[in-house]
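Since the structure comes first, as structure tokens, the remarks are kept for the end.
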Amino acid sequence: AQSVTQLDSQVPVFEEAPVELRCNYSSSVSVYLFWYVQYPNQGLQLLLKYLSGSTLVKSINGFEAEFNKSQTSFHLRKPSVHISDTAEYFCAVSPRSGGSNYKLTFGKGTLLTVNP
Amino acid sequence: DAGVTQSPTHLIKTRGQQVTLRCSPISGHKSVSWYQQVLGQGPQFIFQYYEKEERGRGNFPDRFSARQFPNYSSELNVNALLLGDSALYLCASSYGTGGTDTQYFGPGTRLTVL
């Protein structure tokens, strides 16, 4: 089984400041890792994912996340946030093998609020 | 191309009633998954269907059931509604069932049980 812990339930920051949203996971098997974003009253949108290869993955809107296998972490960072980045961010994992590798296990989410 | 669509957008029911939620996947996607998102929590996996067959089930009671149709659309049914069933129900579609198949989520159906 897998579990995901998002260490901060809320992160308030000022516009143009850097931000880091922390995610740790626990799993007895290797996993794929994902970050999803949920804007108010909307469904989830995939922000970025780590499947294999380089441990640093980037999104088109400036976010990046680094897979750290030894620390079982997949923290999300952005060097300069905008008001429009205000949303809830969910870290998720799915097992690489076995019968349930389609199943996403999510953390509880981190509400990022960007203030002017 | 259209994304994942869900209907209805909002629904209000009373305890003990039954509800059916509907999902249309992205064109070409053969897999549909259902998730329940209770306020303040992350989504929890309920079911996955692929080619009209149930491929996986989460830790939900038998009051929850689903099916997938030949056109790959899907319905989620919940019987004997409880107050705790109040949540946002999300549908996700993907081309296949592997972990590398990105799941694309719909906007959800907000169910309120009174």
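Proteins get letters first, then strands, A, B, ... in listed order; numbering begins at 1 in each.
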Same cluster for [X] and [Y] if Ile/Leu/Val/Met/Phe/Trp/Tyr side chains link at under 4.5 Å?
X         : Y        : value
Leu21(B)  : Ile26(B) : no
Tyr25(A)  : Leu44(A) : no
Phe74(A)  : Val37(A) : yes
Leu111(A) : Phe90(A) : no
Phe60(B)  : Val78(B) : yes

Quiz item: By number, which residues in residues 104-114 of chain B have some heavy atom less than 4.5 Å away from chain A?
Solution: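 At a heavy-atom separation under 4.5 Å, chain A is reached by Phe105(B), Gly106(B), Pro107(B).
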Quiz item: Which residues from residues 34-53 of chain B are near chain A, with near meaning under 4.5 Å between non-hydrogen atoms?
Solution: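 Hits under 4.5 Å: Tyr35(B), Gln37(B), Gly40(B), Gln41(B), Gly42(B), Pro43(B), Phe45(B), Gln48(B).
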To the nearest 0.5 Å, what is the distance between [atom1] ([X]) and [atom2] ([Y])?
X         : Y         : atom1 : atom2 : result
Thr102(B) : Tyr36(A)  : OG1   : OH    : 6.0 Å
Leu90(B)  : Leu104(A) : CG    : CG    : 11.5 Å
Gln42(A)  : Leu88(B)  : CD    : CG    : 11.5 Å

Self-check item: Residue list, side-chain contact (heavy atoms from CB on, under 4.5 Å) with Asp62(B), at least two apart or on another chain
Solution: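 Per chain and number, Asp62(B) pairs via side-chain contact (heavy atoms from CB on, under 4.5 Å) with Arg57(B).
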Practice problem: Could you note down all residue pairs passing salt bridge (Lys or Arg N to Asp or Glu O under 4.0 Å) where residues 71-92 of chain B supplies at least one of them, sequence neighbours left out? | Solution: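 Salt bridge (Lys or Arg N to Asp or Glu O under 4.0 Å) check on residues 71-92 of chain B returns Arg22(B)-Glu75(B), Arg63(B)-Asp85(B), Arg67(B)-Glu75(B).
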Exercise. Give a yes or no on whether Asn59(B) atom CG has more than 12 heavy-atom contacts from other residues, nucleotides or ligands under 6.0 Å away.
Key: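 Not buried by this count: 12 neighbours or fewer within 6.0 Å.
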Quiz prompt | Under 4.5 Å from a heavy atom of chain B, the part of Glu88(A) involved | solution =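 Contact with chain B involves no heavy atom of Glu88(A) at all.
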